[in-house]
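Just so we're clear, the structure is a prediction, and the values are computed from it rather than from any experiment.
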Amino acid sequence: MARRGVPFHPDAETAFEMAKSRIATYKGTQPVFTDEMRLLVQTIVLDALVIAPQPVARGWVNTSLMAVGGLVRWAMFNAEPLNREHLLSQSTRNRFLNLGTNDLLDTSRRNYRCRLDLIATALTTGPVEPTITRPLVSGEATDPHTPGEIATLWVWAQGLRPATRRDRTLGILVLGLGCGLRSAEQGAITPESVVRDEHGVHVTVVADRGVRVVTCDRVWEDRLLTLVENAEPGRPLISPWRTEPTTARALQTALAYTEHAHPPLAWFSVRSLRNTWLTQRLAEGVPVPMLLDAAGLESIEALKAFLVYLPTVTAAERATWLRGRGVAIEPVRSAYDDTEDDAFVGEFVDGDL
């Protein structure tokens with residue numbers, strides 16, 4: 001850090017030649033770059049030396065190599081064209097910064113964004129629009145989905161390629177809309193977590209908040225059982241080709257990348273699927289304590305945000321609900337109640353006050 005702004009040499013010409021030598025030694029790792037990838041990074045950074053503070057500093061060159069090298073590596077992994085015009089375009093830089101730098105700290109992402117914007121301004125013709133980095137979680141879709149949107153999402157997910165992307169997205173839809181699971185909870189569900197009996201299909205969820213059992217919505221039962229049949233024991237349902245659970249961040253990143261690569265008609269997230277499940281349970285009249293337990297919520301305050309999404313009812317429907325269903329429910333007796341106390345209360349109420 002102390003040497004970040006120190007030039008290669010006090011003389012600008014000498015520092016420039018030393019910067020060229022440093023660029024020539026760049027190899028690229030994780031994995032090792034091909035000759036085409038290495039030469040592309042080297043030429044971009046070499047041509048960008050004209051906009052570097054003079055005399056050129058080692059830190060400026062190293063940061064530029066890391067930013068451009070990360071962009072080229074991401075493009076290679078995602079089958080993007082490996083040419084300067086495509087890599088430095090605003091759309092490519094935007095996608096890289098928002099989908100390909102999730103393992104970096106926020107400060108590093110900002111440094112990459114500033115450096116790539118600066119290099120793109122210098123090496124491309126015409127006006128260059130700045131890139132925008134956005135958090136994948138706080139900007140995600142949260143509103144519950146309509147039945148039409150749910151049907152559309154299911155059809156859209158069926159057509160995704162490759163098969164791994166399709167299977168993961170279908171699994172996210174099933175566990176989100178059928179059981180209301182969070183991102184971290186979905187990634188840890190295995191075939192052993194799912195049990196079927198005469199009362200339905202039940203999923204055991206092990207989370208930081210404890211262990212709970214969620215009964216799957218009957219609409220999604222068969223689809224959940226299909227996931228179980230296609231996964232090997234101990235493998236995650238949403239990614240049966242993996243041996244380790246999928247982390248919440250990895251799942252959210254993969255889903256965001258899928259939606260940007262193949263935009264659906266209705267944008268969604270794990271949170272919006274869970275919110276849809278919660279809203280449907282409230283609309284169906286599931287008792288609040290039961291819903292809090294199934295959803296892994298600790299306070300009724302968490303449900304207030306969903307009241308605005310509940311369907312409006314007519315005066316007659318409201319009266320029917322408030323009137324009751326004509327079914328007597330035995331009240332919960334206190335642990336201190338006994339026969340003698342009941343008799344005493346009866347005498348007290350019936351007597352003169």
Side-chain angles (χ1 to χ4, degrees), residues 134-154 156-157 169-189 199-221 223-224 238 248-249 251-252 255-256 259 264-325 329:
R134 63 188 184 281
L136 294 177
V137 177
S138 60
E140 66 183 357
T142 58
D143 289 350
H145 299 287
T146 64
E149 290 176 343
I150 294 174
T152 300
L153 288 175
W154 185 255
W156 164 81
T169 306
L170 291 174
I172 291 173
L173 290 173
V174 171
L175 293 177
L177 294 171
C179 304
L181 302 190
R182 301 178 177 89
S183 300
E185 297 168 348
Q186 289 196 17
I189 299 299
H199 302 296
V201 178
H202 317 284
V203 180
T204 300
V205 182
V206 180
D208 295 338
R209 296 172 175 84
V211 180
R212 70 182 192 277
V213 177
V214 184
T215 300
C216 182
D217 188 319
R218 66 173 69 247
V219 175
W220 299 93
E221 285 181 352
R223 296 165 186 173
L224 177 55
I238 62 171
R249 185 167 187 174
L251 186 149
Q252 294 164 0
L255 183 57
E259 292 190 82
L265 294 179
W267 290 85
F268 71 103
S269 67
V270 177
R271 184 176 300 181
S272 69
L273 301 180
R274 174 177 165 83
N275 291 348
T276 302
W277 178 84
L278 282 167
T279 304
Q280 291 175 345
R281 304 287 82 75
L282 286 171
E284 293 169 355
V286 175
V288 172
M290 189 183 305
L291 181 56
L292 292 176
D293 178 69
L297 299 174
E298 299 177 355
S299 171
I300 195 174
E301 298 294 325
L303 299 177
K304 287 187 176 181
F306 303 102
L307 298 182
V308 297
Y309 298 111
L310 297 182
T312 56
V313 297
T314 64
E317 291 172 335
R318 183 175 182 272
T320 300
W321 276 98
L322 293 177
R323 188 182 181 191
R325 302 180 181 180
I329 300 178

Under 3.5 Å side-chain donor-acceptor pair for D143 and Y309: yes
Check: V205 main-chain N/O paired with R212 side-chain donor or acceptor under 3.5 Å: no
E185 side-chain N/O to R182 backbone N/O, donor-acceptor pair under 3.5 Å: yes
Neighbour count above 12 (heavy atom, 6.0 Å) for L310 CG: yes
Gap separating the CG atom of L153 from the CG atom of L273, nearest 0.5 angstrom: 7.5 Å
Between H202 and T215: side-chain donor-acceptor atoms closer than 3.5 Å: yes
Distance in Å, L175 CG paired with R274 CZ, rounded so as to fall on 0.5 Å steps: 12.5 Å
Minimum heavy-atom distance between L292 and S299, given as atom pair plus value: CD2-O, 3.6 Å
Flag if over 12 foreign heavy atoms under 6.0 Å of CG, L307: yes
CD1-OG distance between I172 and S183, expressed to the nearest 0.5 angstrom: 7.5 Å
I150: which of L177, V219, L173 passes side-chain contact (heavy atoms from CB on, under 4.5 Å): L177
Shortest non-hydrogen contact from P144 toward T279: CG-OG1, 3.4 Å
Step-by-step side chain to side chain contact (heavy atoms under 4.5 Å, CB included) determination, V214 to W277: CA-CA 12 Å; V214 184; W277 178 84; 4.0 Å; yes
Nearest non-hydrogen partners of T169 and A157, listed with the distance: CG2-CB, 4.0 Å
Over-ring placement of R223 relative to W220, 6.0 Å and 45° cut-offs: yes
Donor-acceptor pair, side chain of E259 and main chain of P264, under 3.5 angstrom: no
Q186 side, atom CD; L181 side, atom CG - distance, nearest 0.5 Å: 5.5 Å
Any donor-acceptor pair under 3.5 Å from E317 side chain to T314 backbone: yes
Lys/Arg-Asp/Glu bridge criterion (N-O < 4.0 Å) met for E221, R218: no
Exercise: identify the closest heavy-atom pair between L251 and G187: CD1-N, 4.4 Å
Distance-minimising heavy-atom pair for S272 and H145: OG-NE2, 2.8 Å
Non-hydrogen atoms of L224 and C179 that approach each other most closely: CD2-SG, 4.4 Å
Donor-acceptor contact below 3.5 Å, side chain E149 vs main chain T146: yes
4.5 Å side-chain heavy-atom contact, W154 and L170: yes
Verdict with supporting geometry, N275 and F306, side chain to side chain contact (heavy atoms under 4.5 Å, CB included): CA-CA 8 Å; N275 291 348; F306 303 102; 3.3 Å; yes
Side chain to side chain, V213 and V203, heavy atoms closer than 4.5 Å: no
Between CH2 on residue W267 and OG1 on residue T142, distance to nearest 0.5 Å: 15.0 Å
